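Contents: one structure, followed by commentary.
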Amino acid sequence: MKLKSLAIAIALAATSASTFAADKEEGFYIGAFGDYYDASWENIRAQAGLDINESTGWGAEVGYRFSDYWSARIEYADMDFNAFDKVNGNRNNVDGERYGIDGLYHFNGGPFYGLFGIKEIDVVKDNTFLNAGVGYQHFITDGLFVNAETAVYQGLDKGYTDLGAKIGINYLFGQNSAPAEPVKPAPEPVVVEAPVATPADSDNDGVVNADDKCANTPMTDAVDSDGCTLYEEAKVTTSLLVTFPHDSAMVKQQYFDDIAAVSKFLKEHTETTVLLEGHASAVGDASYNKKLSKKRADDVADELVKDGISRERISTVGYGEERLKNTANTKAAHAENRRVEAHVSTVERVKVKR
């Protein structure tokens, strides 16, 4: 059949293309589903007096996600129709098969999508249908997702109008939603001045022993005219940046050391408090994103509490998609916007370095 040949060609093309999307959120996916099909075919031409009714079954599909908004798939369904033979007056089951191709449009790149396609249903004889419908996807992990959808089927060979529904589980290959680690600048070299070779200055601070009221000051300290370490008021700051996968508030293991560094700073400066600001990307519903961003900030707060920081010293806020860090409509921009940020500062008396 031409439709089956076209489906096989698209499957091979999708499989080949998936090898070029290993580091992108676009990619090749496979899945399985349960299927319900509501048919009302009376006195079908291939067998007079036979009525075909609803079907339940299972199926498998293979597809390719081209972008945030578009994907395509082929499907096969094994169908079990409830049939009534009016000539013999008995009811029995009739096996059937469905092959098809669908295009999917994901609204705003989010979980809801529309679909359209063409299907061939083989039960007693072949029938060709056009179909259109809507569905919903929910990602359990970066690659694993479930979906549910319903569609209207319009017959081309006969004027049948049917309804179908399916619930499935799928796996999308080529996921890598974790943002690349920022490149840290190389530490600036510490320049140690050559000590002044003078017998009258034992600690080499530039003040001779006779005038030095603070012996043995460290070589790295600047000193006053008495040879004592100079101090100044200085603002000290620590920052935190934690990013998250799509539709997730789970803090990944890779950020535990950064959170521990903030915890250490808070323990050393007991008068300080911290505000954790949660953010989300602009993909999906704004009110949902606001709640999700607050949950992200709260989950980071829980990690600080586990590390011994009092909950009274921690505040959290969820801005949702109100303060996008990158306004571009790209995968990289969305990943950059799914984050929790914090900046803690205080003033302390610190040594003046030479």
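A quick note: this is a predicted structure, and the numbers were derived from the prediction, not measured.
- Counting only residues at least two apart or on different chains, the ring pair (Phe, Tyr, Trp, His ring centres under 6.0 Å) pairs with a member in residues 310-342 are His279-Tyr319.
- Heavy atoms of other residues, nucleotides or ligands lying less than 6.0 angstrom from NZ of Lys290 number more than 12.
- Between Thr243 and Glu336 the shortest side-chain heavy-atom distance does not fall below 4.5 Å.
- Contact detail for Ala301 and Ile314: the closest heavy-atom pair is CB-CG2, 3.8 Å.
- When all heavy atoms of Ser225 and Val207 are compared, the closest pair comes out as O-CG1, 3.8 Å.
- Within a 6.0 Å radius of NZ in Lys213, no more than 12 heavy atoms belonging to other residues, nucleotides or ligands are found.
- In this structure, Tyr136 and His138 have parallel ring planes: the angle between them is below the 30° cut-off, well short of the 60° mark.
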Please list every donor-acceptor pair under 3.5 Å in which a side-chain atom of residues 27-38 meets a protein atom from a residue at least two apart or in another chain.
residue	atom	partner	partner atom	Å
Asp35	OD1	Arg98	NH2	2.9
Asp35	OD2	Arg98	NH1	3.2
Tyr37	OH	Asp162	OD2	2.7

task: Please assess Val152 against Asn131 for the test side-chain contact (heavy atoms from CB on, under 4.5 Å), listing each intermediate value before the final yes or no.
output: CA-CA 5 Å; Val152 176; Asn131 65 286; over 6 Å; no
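- Ion pair Asp102/Lys119 flagged as a salt bridge, since at least one NZ, NE, NH1 or NH2 atom sits closer than 4.0 Å to an Asp/Glu carboxylate oxygen.
- Residues Tyr255 and Val344 share a hydrophobic cluster, clusters being chains of Ile/Leu/Val/Met/Phe/Trp/Tyr side chains in contact below 4.5 Å.
- Contact of the Phe139 side chain with the Leu172 side chain is registered, since non-hydrogen atoms from C-beta on lie closer than 4.5 Å.
- Looking at Asp302 and Lys306, no side-chain N of the basic residue comes within less than 4.0 Å of a carboxylate O on the acidic one, giving no salt bridge.
- Under the 3.5 Å distance criterion, with hydrogens and angles disregarded, a donor-acceptor pair is assigned to the side chains of Asn329 and Tyr69.
- We find the CZ-OG distance between Arg339 and Ser293 to be 10.0 Å, quoted to the nearest 0.5 Å.
- Cys214 approaches Thr217 most closely through the heavy-atom pair O-CG2, 3.3 Å.
- Using a 4.5 Å heavy-atom threshold, the side chains of Asn170 and Glu61 count as touching.
- Checked by atom type and distance alone, the side chain of Asp226 never pairs as donor or acceptor with a backbone atom of Cys228 at under 3.5 Å.
- In this structure, Val123 and Gly96 approach most closely via the heavy-atom pair CB-CA, 4.3 Å.
- In this structure, Asp299 CG and Leu304 CG are separated by 11.5 Å, a value rounded to the nearest 0.5 Å.
- Nearest heavy atoms, Asp298 versus Thr316: OD1-OG1, 2.7 Å.
- With hydrogens and angles disregarded, no donor-acceptor distance shorter than 3.5 Å links the side chain of Ser71 to the backbone of Phe66.
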field: Audit row: Ile74, Tyr99, side-chain contact (heavy atoms from CB on, under 4.5 Å) steps and yes/no
entry: CA-CA 8 Å; Ile74 63 172; Tyr99 303 87; over 6 Å; no
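- Between Arg73 and Val62 there is no side-chain heavy-atom pair separated by less than 4.5 Å.
- Transitive grouping of hydrophobic side chains (ILVMFWY, heavy atoms separated by less than 4.5 Å) brings Leu276 and Phe244 into a common cluster.
- Between the side chain of Asp285 and the backbone N or O of Ser287, at least one donor-acceptor pair lies under 3.5 Å.
- Put simply, Val262 and Leu275 are part of two different groups of oily side chains (I, L, V, M, F, W, Y) that touch within less than 4.5 Å, one to the next.
- A donor-acceptor pair is defined here as one N or O able to donate and one able to accept, closer than 3.5 Å; no such pair exists between the side chain of Asn289 and the backbone of Ala282.
- In this structure, Ile118 and Thr128 have side chains that are in contact, with non-hydrogen atoms separated by less than 4.5 Å.
- Hydrophobic clustering (side-chain heavy atoms under 4.5 Å, transitive across Ile, Leu, Val, Met, Phe, Trp, Tyr) keeps Leu163 apart from Leu130.
- Within 6.0 Å of CG in Leu230 there are more than 12 heavy atoms belonging to other residues, nucleotides or ligands.
- Between Arg323 and Glu341 no salt bridge is recorded (no basic side-chain N to carboxylate O distance below 4.0 Å).
- Counting all heavy atoms, side chain and backbone alike, Lys158 lies closest to Asn127 at CG-OD1, 4.1 Å.
- Atoms OH and CD, on Tyr288 and Glu321 in that order, are 12.5 Å from each other to the nearest 0.5 Å.
- Residue pairs meeting the side chain to side chain donor-acceptor pair (under 3.5 Å) criterion with at least one member in residues 345-354, sequence neighbours excluded: Asp221-Lys351, His269-Glu348, Glu271-Thr346.
- Side-chain atoms of Ile259 and Asp307, non-hydrogen and from C-beta on, never get closer than 4.5 Å to each other.
- Between Leu144 and Ile169, the closest side-chain pair of non-hydrogen atoms falls below 4.5 Å.
- Side-chain atoms of Arg296 come within 3.5 Å of backbone N or O of Ser248 as a donor-acceptor pair.
- By the 6.0 Å contact criterion, CD on Glu232 is enclosed, its count of non-hydrogen atoms from other residues, nucleotides or ligands being greater than 12.
- Below 30°, between 30° and 60°, or above 60°: for Phe129 and Tyr153 the angle between ring planes is above 60°, a perpendicular geometry.
- Put simply, the side chain of Val242 does not reach to within 4.5 Å of the side chain of Asp258, judged on heavy atoms.
- Under the 4.5 Å side-chain contact rule for hydrophobic residues, Leu266 and Phe256 share a cluster.
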- request: Test Phe265 against Val274 for side-chain contact (heavy atoms from CB on, under 4.5 Å), laying out the working first.
  value: CA-CA 11 Å; Phe265 185 92; Val274 60; over 6 Å; no
- prompt: So Asn337 and Lys325, side-chain contact (heavy atoms from CB on, under 4.5 Å) or not? Walk me through it.
  reply: CA-CA 6 Å; Asn337 289 326; Lys325 196 171 186 179; 3.4 Å; yes
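- Going from atom CG of Asp157 over to atom CD1 of Ile121 covers 10.5 Å, rounded to the nearest 0.5 Å.
- Here Asn147 contributes atom CG and Glu149 contributes atom CD; the two are 5.5 Å apart, rounded to the nearest 0.5 Å.
- Asp257 contributes atom CG, which lies 12.0 Å from atom OG of Ser263 (distance to the nearest 0.5 angstrom).
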